[in-house]
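Since this is a predicted model, take the numbers as computed values, not measurements.
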Amino acid sequence: MSNRPDLPPEIARRRTFAIISHPDAGKTTLTEKFLLYGGAIQMAGQVRAKGEARRTRSDFMKMEQDRGISVSASAMSFDYDGHRFNLVDTPGHSDFSEDTYRTLTAVDAAIMVIDGAKGVESQTRKLFEVCRLRDLPILTFCNKMDRESRETFEIIDEIQENLAIDVAPASWPIGVGRDFIGCYDMLNDRLELMDRADRNKVAESIQIEGLDDPKLAEHVPEHLLEKLCEEVEMARELLPTFDRQSFLEGHLTPIWFGSAINSFGVRELMNGIRNYGPPPQPQNTASREIAPEEKAVTGFVFKVQANMDPKHRDRVAFMRLASGHFSRGMKLTHVRTKKPMAVSNPVLFLAADRELAEEAWAGDIIGIPNHGQLRIGDALTEGEALRFTGIPSFAPELLQSVRATDPMKAKHLEKALMQFAEEGAAKVFKPLIGSGFIVGVVGALQFEVLASRIELEYGIPVRFEGSQFTSARWVTGPKDDVDAFANANKGHMAQDHDGDVVYLTRLQWDIDRIERDHPSLKLTATKEMMI
């Protein structure tokens with residue numbers, strides 16, 4: 001990284017990152033506070049708003065608002081202290097991990113939110129593994145310190161052991177639960193005090209000269225001060241100090257403590273991203289690495305969201321710009337179809353609000369409204385035929401057949417299913433024999449989300465029924481061999497929405513047998529979403 005040329009100032013000031021966590025750790029609340037500090041909203045919403053309180057801006061689907069969970073990744077851009085933050089809030093629920101996985105291909109860093117009482121949970125571990133595969137730098141925020149939570153050292157130990165990463169404390173909590181009054185900022189020797197009275201108020205900062213400063217006693221009760229001095233001394237001896245290079249390589253994570261709902265610790269975390277977070281990084285393609293400072297505009301689609309505005313059957317493709325300076329109205333080449341595409345009304349997101357993007361730089365995430373031309377994994381360039389790598393599509397773990405309760409609407413149902421398949425919300429398989437479709441998902445909750453969306457957005461009530469199949473594998477190999485195999489196993493064959501051949505089965509034994517009997521064929525559980 002050290003021998004790369006300096007980035008143009010507009011690109012260097014960008015920070016593109018995702019927020020990941022287990023459901024309920026407070027990720028969406030943290031996102032709201034980021035928007036509040038960035039001046040993007042005046043009052044932070046709550047996931048479950050009471051009465052007149054503002055609803056969250058980042059959960060825009062009806063189902064998200066009813067259930068208080070995020071089921072779809074949303075992107076937001078705002079300015080903070082001279083920097084442009086592109087923040088992607090991901091679904092924490094494990095049933096939507098594929099959406100999260102793809103989102104992580106489009107960011108340069110991740111913030112991992114953990115709950116002070118629960119520590120590292122299963123979904124956090126899974127998402128962390130993904131960050132690991134991509135060597136993403138990770139910043140950690142330990143939330144809900146104003147509730148009863150574990151000992152600070154215990155939390156840090158658990159992260160180090162479970163996730164095999166060094167942890168450097170960037171702040172240290174003073175008191176816990178009811179006694180939690182704030183944090184000692186270990187990077188800047190400052191005392192940060194929390195105001196419990198007003199949740200939207202920014203915490204008060206007091207500059208001190210280290211832990212021996214007599215000023216400390218004016219603000220911190222004696223019993224807490226004693227414990228703080230003892231713990232910080234131990235932490236400085238036992239734990240690594242923050243090292244930016246090690247953080248950027250993904251070996252070390254700085255940890256901040258706070259309470260997102262009380263707006264505490266959020267500003268320190270934002271300053272951490274601004275000061276230490278990576279600017280836009282080079283992106284990998286099949287032929288070469290693309291540096292952000294290159295003049296030609298390139299980008300890839302990592303998510304497609306259909307019907308963000310149900311009145312206009314619109315679809316928006318979320319594109320991460322990998323290089324160049326994009327301006328509205330530019331003609332780009334859609335690499336998969338080799339056709340030029342004029343991007344005349346690109347949008348920037350503030351959750352469900354959008355504004356036209358007059359320009360964008362490498363690292364930005366823009367939305368391109370389209371009528372189904374763009375799919376996940378597509379590349380847009382100024383002519384060069386690039387294929388971005390590393391955007392995966394996973395074999396579903398649950399399969400069910402789907403029928404419209406009104407048989408007259410079967411044709412409409414097909415259209416709705418194809419839209420969701422291209423959006424990446426589900427896999428849709430069309431069996432070679434018989435009518436109907438088989439829908440595959442990663443988690444059971446997705447069936448509910450699909451049924452509710454098909455009814456809300458298309459007005460088609462549907463029924464999901466058990467299928468005789470339990471797993472699906474993509475079949476690749478020489479064309480003649482694949483055709484011969486498909487003819488011999490017609491009852492098990494289907495096509496996905498791209499027309500690729502898929503083998504459906506109930507048993508792992510079948511998969512092993514085919515791999516043994518047909519060495520020229522490959523059955524895979526993932527397929528790269530490339531052209």
Side-chain angles (χ1 to χ4, degrees), residues 61-64 66-67 69 71-72 91 93-99 102 303-308 310 313-315 371-372 375-376 393-475 486 489-507 510 525-527 529:
M61 274 190 194
K62 183 165 183 344
M63 182 158 183
E64 294 180 308
D66 294 346
R67 293 201 174 201
I69 56 169
V71 299
S72 163
H93 203 290
S94 62
D95 288 3
F96 301 94
S97 48
E98 191 170 342
D99 195 17
R102 284 198 292 262
K303 174 184 168 61
V304 174
Q305 180 75 46
N307 306 337
M308 277 175 88
R313 288 250 174 274
D314 69 336
R315 300 166 53 138
H371 294 290
R375 291 189 190 169
I376 293 170
S393 175
F394 300 107
E397 292 167 23
L398 300 167
L399 297 174
Q400 289 197 356
S401 58
V402 59
R403 287 194 166 57
T405 46
D406 175 356
M408 302 298 284
K409 292 200 165 164
K411 204 78 200 130
H412 297 296
L413 175 63
E414 178 172 351
K415 197 171 158 207
L417 290 173
M418 286 307 156
Q419 288 244 334
F420 290 125
E422 286 175 13
E423 189 184 305
K427 303 284 176 296
V428 176
F429 303 121
K430 178 96 178 82
L432 295 188
I433 292 177
S435 62
F437 288 90
I438 289 176
V439 174
V441 294
V442 178
L445 182 60
Q446 279 178 289
F447 285 126
E448 278 183 55
V449 172
L450 276 178
S452 113
R453 283 187 65 188
I454 292 172
E455 188 159 352
L456 272 172
E457 295 169 18
Y458 294 90
I460 310 170
V462 295
R463 219 174 40 239
F464 281 105
E465 295 161 353
S467 153
Q468 55 163 333
F469 301 116
T470 53
S471 63
R473 293 288 183 272
W474 281 279
V475 184
N489 295 278
K490 275 204 171 120
H492 284 263
M493 304 311 292
Q495 288 186 326
D496 69 4
H497 74 284
D498 291 324
D500 291 336
V501 179
V502 178
Y503 176 74
L504 303 172
T505 179
R506 282 186 299 275
L507 308 166
D510 275 343
T526 54
K527 126 173 152 173
M529 293 193 131

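In this structure the side chain of Tyr503 reaches within 4.5 angstrom of the side chain of Met493, judged on heavy atoms. Side chains of Val502 and Lys427 form no contact here, defined as non-hydrogen atoms less than 4.5 Å apart.
In this structure, Pro431 and Gly436 approach most closely via the heavy-atom pair CD-O, 3.5 Å. Between Ser467 and Leu399, the closest heavy-atom pair is CB-O, 3.7 Å.
Counting only residues at least two apart or in different chains, salt bridge (charged side-chain N to carboxylate O under 4.0 Å, His left out) contacts with residues 430-447 are absent.
Not counting sequence neighbours, the partners of Gln468 by the side chain to side chain donor-acceptor pair (under 3.5 Å) test are Arg506. Among residues two or more places apart in sequence or in another chain, the side chain to side chain donor-acceptor pair (under 3.5 Å) test is passed with Ser401 by none. Thr405 is linked by a side-chain contact (heavy atoms from CB on, under 4.5 Å) to Pro461, Arg463, counting only residues two or more places apart in sequence or in another chain. In this structure, the side-chain contact (heavy atoms from CB on, under 4.5 Å) partners of Val462, at least two apart in sequence or on a different chain, are Val402, Leu413, Ala451, Ile454, Ile460, Phe464. Evaluation of the salt bridge (charged side-chain N to carboxylate O under 4.0 Å, His left out) rule for Glu455 yields no partner, not counting sequence neighbours. Shown here are the side-chain contact (heavy atoms from CB on, under 4.5 Å) partners of Leu398, two or more places apart in sequence or in another chain: Val441, Ala444, Phe447. Under the salt bridge (charged side-chain N to carboxylate O under 4.0 Å, His left out) criterion, Lys411 pairs with Glu414, not counting sequence neighbours.
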Audit row: Met418, Phe437, side-chain contact (heavy atoms from CB on, under 4.5 Å) steps and yes/no: CA-CA 10 Å; Met418 286 307 156; Phe437 288 90; 4.0 Å; yes

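In this structure, CD1 in Ile438 is found 12.0 Å from CG in Leu417, a value given to the nearest 0.5 Å. With values rounded to the nearest 0.5 angstrom, Leu504 atom CG is found 11.0 Å from Asp510 atom CG. The line from CD1 of Ile376 to NZ of Lys303 is 7.5 Å long, rounded to the nearest 0.5 Å.
With hydrogens and angles ignored, the 3.5 Å screen pairs a side-chain donor or acceptor of Asp496 with a backbone N or O of Asp498.
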